Enquirer: 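Dropping a structure here in structure tokens format, bear with me for questions.
These numbers were taken from a predicted model, which means no experiment stands behind them. Every chain is numbered from 1 and lettered A, B, ... according to where its sequence line falls, protein lines coming before strand lines.
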Protein chains: 2
Amino acid sequence: MAIDLDTGLLRNFLVCTRLGSISRAAHALGRTQPALSQQLRRLEDIVGEALLQRAATGVSLTAAGAALLPYAERILALSGEALAGVPRAKLSGRCSVGILEDFTGTSLPAAFADFGRLHPDTTLELVALLGSETRTALDSGRIQLALCDAEFLERPPRWSVRVPLLWAAAENFDATIDPLPLVMFSEPCRWRSLAFSALSVAGRCWRIAFESGSLTAIHAAVRAGLGVTTLLPTAMAQGVVSAPVSQSLPALTDIEIGLARRPESEGDVLTNAVEGMLKQLA
Amino acid sequence: MAIDLDTGLLRNFLVCTRLGSISRAAHALGRTQPALSQQLRRLEDIVGEALLQRAATGVSLTAAGAALLPYAERILALSGEALAGVPRAKLSGRCSVGILEDFTGTSLPAAFADFGRLHPDTTLELVALLGSETRTALDSGRIQLALCDAEFLERPPRWSVRVPLLWAAAENFDATIDPLPLVMFSEPCRWRSLAFSALSVAGRCWRIAFESGSLTAIHAAVRAGLGVTTLLPTAMAQGVVSAPVSQSLPALTDIEIGLARRPESEGDVLTNAVEGMLKQLA
DNA sequence: TGCCTCCTATAAGTTTTCATTATGGCCATA
DNA sequence: TATGGCCATAATGAAAACTTATAGGAGGCA
């Protein structure tokens, strides 16, 4: 028998009671409804009592659930306090990280700012690079860490995440136009060829409608309806939305985003901390 | 980033500090040392600080670890309180469970007694049965639940656990004797044939040295050195120990222990609760 | 110094767990 | 009755966690 109540399960339970519905809670937690339904049942199995009364209109607390709720809140609060209460080592020094422009629109810059506020003696630098520039920047010591397409790295990455490459277009863009107008990064861009070959395999014609080396320009061109492009999910923007795979837009392969580290920085405490932060964000 | 500290990880951390060694803690928790080593690192990744100072003599707390420790204790204590504090539904009625004699030596009878103490209005009955008797007992309503070899059940079990079938012998018993003397349950016992065929495949000769329908008698015969037998891990006893697989004792197949439930008891609250208890014990 | 033992970390492979898609049932509202 | 929202279950596939095997480092002792 499980001795301890899992905090993850308690968190789910809490959100379900707050929102009054498993479906809504699932959406809020970024899960599907069946997943949450199962987890909830797992918690009930551990406790040995039904915690939520299911109905067609949503869920409500049972007596056992009402009794558990304050414990859940207290445990989760303590967990948060614990994380905040642990003394952090004093960090100092300088660390530069190279990233793809695609990641500049994410929570990554904000996380870097938070880190800097927490450790005033450090200087963190975020450098937007092309994948092809990464190796040189690492070798020269310009950056200590790099997050980019694993294909561009010299050796296997220390760790990596798979990210889908998506078609992006303006809302209501008609992707059936033939030949398909493409908005693309200028060479060297590895993802260009991925798009081209996917289109070839699907027997689809295309033409380059616009080309630029800047993500902002790409965004603007797509937003203006000049054509479709391929982007990472993190690079979508206002007025530029992911277009579903269909007859006219073939599926694209996933991209492996890997982390590389300058060997000379091995053992550096600040670099360790920054790498840990990146891994948690990924 | 993980928002919550997992109670399982905190429990491991706590045990490591108490015992001063990852290896000892792993043994105490019924895990292997690498598993615990990894979990500990996972916790440190979440917290973002080293919690334990590793040394050749064991582990000791770092400053961050010392800060986290009281939180860990408090969270785990709250978790226990929560489980104890949830009001239990008043249960009443009668429930009989059929089990193999092999399980009478486990914590199962004690758990049944605890359950009865917690729910004074209930009558629980534990019936030791042969696998072959299970179906009749269920059909007649003699029992509502049964835990036995899945092969004996009419339909697929509601759930099951795989358990290894082991060779059992007296300590220092010489298993190289030829032909191998066997102590066996009388027919009908499905495991007899499993043992026989395993020996045949290994080209090993055997003879039946003792035969009985009672587990106690089997234990006594094995303890006296009359021969070896096959038992579930839960059926080992004083003076009867598991004999490792070797040249003279071939590997045996696993047994699938399944739970069957009388269809008429579907929806019965007490039977639900007892089934839940059995599942947690399994 | 050399050997032995006890400890921890890492790697590779396998099993288990978890989440997703797909589907069906139930209740309320129109 | 039809329709939409909500929950449960089943089956598949991906991810996580555990296990075995192995390597490396520090202390105890001849």
Enquirer: Ring pair (Phe, Tyr, Trp, His ring centres under 6.0 Å) with A:Phe115: which residues, sequence neighbours excluded?
Expert: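 With sequence neighbours excluded, A:Phe115 shows a ring pair (Phe, Tyr, Trp, His ring centres under 6.0 Å) to A:His119, given in chain and number order.
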Enquirer: For B:Asn12 and C:dT8, give me the distance from atom CG to atom C1', rounded to whole Å.
Expert: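 Taking atom C1' of C:dT8 as the reference, CG of B:Asn12 is at 16 Å.
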Enquirer: Sugar-phosphate atoms are those with a prime plus P, OP1 and OP2; base atoms are the rest. Using that split, label each nucleotide of nucleotides 7-17 of chain D B, S or - for protein heavy atoms under 4.0 Å, 5' to 3'.
Expert: BBB-------S
Enquirer: Take atom CG of B:Leu40 and atom C1' of C:dT10, then tell me their distance rounded to the nearest Å.
Expert: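 Taking CG of B:Leu40 and C1' of C:dT10, I get 15 Å after rounding.
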Enquirer: Starting from C1' on C:dC7, measure out to CG on B:Leu36 and report it in whole angstrom.
Expert: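 One finds 13 Å between C1' of C:dC7 and CG of B:Leu36, rounded.
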Enquirer: In Å and rounded to the nearest 0.5 Å, what is the CG to CG distance from B:Leu5 to A:Leu78?
Expert: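 That separation rounds to 10.0 Å.
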Enquirer: Check whether any side-chain heavy atom of B:Glu73 sits under 4.5 Å from a side-chain heavy atom of B:Leu14, and report yes or no.
Expert: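 Yes - at least one pair of side-chain heavy atoms lies under 4.5 Å apart.
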Enquirer: Is any side-chain heavy atom of B:Leu232 closer than 4.5 Å to one of B:Ile257?
Expert: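 Answer yes - side chains close enough.
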Enquirer: To the nearest angstrom, how far is B:His27 atom NE2 from D:dT19 atom P?
Expert: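 Whole-Å distance recorded here is 12 Å.
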Enquirer: Donor-acceptor pair, A:Ser23 side chain versus A:Gln33 backbone, under 3.5 Å?
Expert: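 Such a contact is absent between A:Ser23 side chain and A:Gln33 backbone.
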Enquirer: Taking atom CG of A:Leu40 and atom CG of A:Leu9, what is their separation to the nearest 0.5 Å?
Expert: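 With rounding to 0.5 Å, CG (A:Leu40) is 8.5 Å from CG (A:Leu9).
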